Every structure is written in structure tokens, then in C-alpha cells.
Number of protein chains: 2
Amino acid sequence: MPNKSAALDDVFNALGDPTRRAVLARLCQGPTSVSDLAAPFRMALPSFVQHLGVLEKSGLIYSTKKGRVRTCYVKAQQLSVAESWIATQRSLWEQRLNQFDAYVKTLKPGETT
Amino acid sequence: MPNKSAALDDVFNALGDPTRRAVLARLCQGPTSVSDLAAPFRMALPSFVQHLGVLEKSGLIYSTKKGRVRTCYVKAQQLSVAESWIATQRSLWEQRLNQFDAYVKTLKPGETT
DNA sequence: CTGATAGTTAGGCTTATGCCTAACAAATCA
DNA sequence: TGATTTGTTAGGCATAAGCCTAACTATCAG
């Protein structure tokens with residue numbers, strides 16, 4: 001059932017864009033203002049802010065506004081959500097591999113194929 | 001630079017859909033034919049096969065056709081690609097947290113606002 | 001108060017995504 | 001051979017995604 005999770009949808013979709021991954025990577029180095037974040041990209045500011053919106057909606061970042069400056073921060077827990085989904089699948093797969101290995105070992109040599 | 005990776009785009013986008021995650025989870029249990037994979041979903045077969053196309057393009061799965069049956073398999077290496085990108089970011093972030101902690105400890109008690 | 005700076009809102013355009021039906025092809029079974 | 005099963009191809013439609021410009025608001029510096 002955990003595959004029908006809107007949270008995972010949002011997180012993975014957010015990660016599926018190079019601009020957004022770059023922003024996230026940047027934010028892992030420390031909090032940054034919107035325009036500083038935007039500077040490296042040649043993209044109109046409203047477009048860029050849309051990416052921030054996607055990241056924020058996914059829970060991967062959050063932001064606060066003080067005066068006219070909005071500062072963005074990573075929220076690493078949300079990264080773990082994605083990471084652990086993947087890890088779970090990988091472990092399922094490895095488990096199955098091991099079962100298969102075990103099964104193969106029950107066969108006489110040369111019996112595979 | 002690793003944030004401008006088309007491979008990561010494809011993998012994360014593939015993971016950003018519940019149908020595709022479910023398929024992947026299923027395949028982690030073992031290889032399955034297209035129609036067996038499709039059975040749990042009430043979706044026209046061509047639509048479903050499009051999802052398989054996305055997964056295959058991303059490298060998360062591969063498939064072979066024997067007779068009229070196409071069998072699909074996971075490719076767990078590709079899962080690790082995504083997993084390790086995330087792990088890298090997380091570790092960057094934790095590193096920075098530690099640096100910050102260290103910095104805080106250089107301050108006299110009570111000096112942190 | 002004026003002008004610059006930091007974001008936001010509104011609206012539009014183009015392409016991609018996710019779904020569908022209908023028709024086809026190829027393998028297998030009776 | 002004729003019917004069935006297992007996919008595939010073609011084409012269409014609606015919504016979402018990603019980008020843009022123009023115009024606006026709010027804060028801060030002088």
C-alpha cells in the first residue's frame with residue numbers, strides 16, 4: 001500500500017528535475033535567500049520560484065520571510081522518506097536474490113538451464 | 001554537476017508515480033509478465049504499458065520477449081543510483097549540521113540569542 | 001519621499017503526461 | 001484453419017508542467 005503515497009509522489013517528482021536537485025544540494029550547504037538561490041540559473045524569477053514551490057510542497061524544503069527576504073532551508077527528514085522507500089525495495093530484491101541462490105544450490109551442479 | 005543528470009531525472013520521474021512504484025515493488029519479488037503485472041490495475045493495457053516504458057527507459061527495469069509473452073525484471077543498480085544521490089545530499093547536510101554544532105560550542109553559553 | 005531591491009501575482013504559450021478506444025500482429029490452442 | 005491470448009500501434013483528448021513577460025506590492029536606503 002505504501003506505493004499509493006501522495007507524499008512519495010511529491011518527493012520523487014520534486015527530485016526529478018535538475019534545477020530542483022541543484023537547489024536542494026545548495027541548501028544542504030546552508031540556508032539561502034530566494035534570489036541568491038536563483039542567481040546561478042538563467043531562468044526568469046517567477047519560473048524559478050515555481051520550482052521552490054514544488055520543493056516546498058513536497059516537504060523537502062521550507063522557508064520563512066523576514067522583511068522582503070525569503071530564506072529557504074532543507075528538511076532532511078523528507079529526504080529520508082524517499083531514501084527508505086528505495087532501501088526497502090532494494091532489500092526485498094536482495095532477499096529474493098538470496099532465496100534464489102539458495103534454491104539454485106539445492107540443484108545438482110549443471111542442472112541450471 | 002551531478003544534478004544535471006538525465007539519468008537521475010528519468011529515475012526519479014519514474015519513481016514519482018504510484019502505479020510505477022507498485023510495479024517496481026512487485027518486480028522486486030520476482031520477474032512477471034506484462035499482463036500479470038497489469039492485472040491489479042484498472043487501466044487500459046496500452047496505458048499500463050506506457051508506464052512500463054517509462055520504467056524501462058529509466059533503467060529501473062528491463063524486459064525480454066519470448067513467444068507472445070514479455071517478461072519484466074528489476075535492475076537494482078539503477079535503484080542505487082537514486083539512493084546514493086539522496087544519501088550524498090543527506091550526508092552533506094549532516095556534515096553542515098555538525099559544523100554548526102561545533103561552531104555553537106565555541107560560543108559562550110547563552111550567547112545563542 | 002524617492003528609488004532601488006526582493007518577491008509576488010496574473011495571464012499566456014508550448015510541450016509533456018496520463019489516460020482512452022479501435023484496430024492490428026503474432027503466437028498458441030482446439 | 002479459426003479462435004483466443006498477449007501484446008503493439010495509431011491517434012486523440014484533457015490536464016499538468018515548465019517556461020515567459022508585464023505589472024504589482026512591500027521593504028529598505030538615502
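Chain identifiers are assigned alphabetically (A, B, ...) following the order of the sequence lines, protein sequences preceding nucleic acid strands; residue numbering begins at 1 within each chain. The structure displayed is predicted, hence computed values, not measured ones.
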Practice task
Kindly assign one of parallel, tilted or perpendicular to the pair B:Phe12 and B:Trp85, based on the angle between their ring planes and the thresholds 30° and 60°.
Solution key: perpendicular
Exercise for the section: Select base, sugar-phosphate, or nothing to describe what A:Ser35 touches, counting heavy atoms under 4.0 Å on all strands. Expected result: sugar-phosphate
Problem - Earlier contact from the 5' end, DNA chain D, for A:Met43 and A:Gly67 - result: A:Met43
Handout entry: Flag, side chain of B:Ser84 to backbone of B:Ala87, donor-acceptor distance under 3.5 Å
Key = no
Problem - N or O in side chain of B:Arg70 less than 4.0 angstrom from D:dT8 OP1/OP2 - result: yes
Handout entry: Value rounded to 0.5 Å, distance of CG in B:Leu15 from CG in B:Leu55
Key = 8.0 Å
Practice task
Check every atom of D:dC19, C:dT21, D:dT21 against the side chain of A:Ala44 and return the nucleotide holding the closest atom.
Solution key: D:dT21
Problem - Heavy-atom pair of closest approach, residues B:Asp10 and B:Ser58 - result: O-CB, 3.5 Å
Practice task
Using atom CG of B:Leu45 as one end and atom P of D:dT8 as the other, report the distance to the nearest whole Å.
Solution key: 8 Å
Problem - Presence of B:Ser47 side-chain N/O under 4.0 Å of C:dG18 phosphate oxygens OP1/OP2 - result: no
Exercise for the section: Select base, sugar-phosphate, or nothing to describe what A:Val49 touches, counting heavy atoms under 4.0 Å on all strands. Expected result: sugar-phosphate
Problem - Side-chain N or O of A:Arg42 closer than 4.0 Å to phosphate OP1/OP2 of D:dC19 - result: no
Practice task
Is it possible for you to say whether B:Val49 and B:Leu24 belong to one hydrophobic cluster, with membership spreading through side-chain heavy-atom contacts below 4.5 Å?
Solution key: yes
Problem - B:Arg21/A:Asp9 ion pair, N-O < 4.0 Å - result: yes
Handout entry: Proximity to the side chain of A:Gln50 - top-ranked nucleotide from D:dG7, C:dG18, D:dG18
Key = D:dG18
Protein-nucleic acid N or O pairs under 3.5 Å, nucleotides 1-4 of chain C:
none

Problem - Phosphate-side-chain proximity, B:His51 and C:dT17, N/O vs OP1/OP2 below 4.0 Å - result: no
Handout entry: Closest nucleotide among D:dT8, C:dT8, C:dG18 to the B:Lys65 side chain
Key = D:dT8
Problem - Interatomic distance, A:Leu15 CG vs D:dA17 P [rounded to whole Å] - result: 15 Å
Problem - Nearest-nucleotide pick for B:Val69, side chain only, options being D:dC19, C:dG18, D:dG7 - result: D:dG7
Fill in the blank from the handout: Side-chain atoms of B:Pro46 come closest, of D:dG18, D:dT8, C:dT9, to D:dT8
Exercise for the section: Taking atom types as modelled, find out whether B:Glu56 and B:Ser63 have a side-chain donor-acceptor pair closer than 3.5 angstrom. Expected result: yes
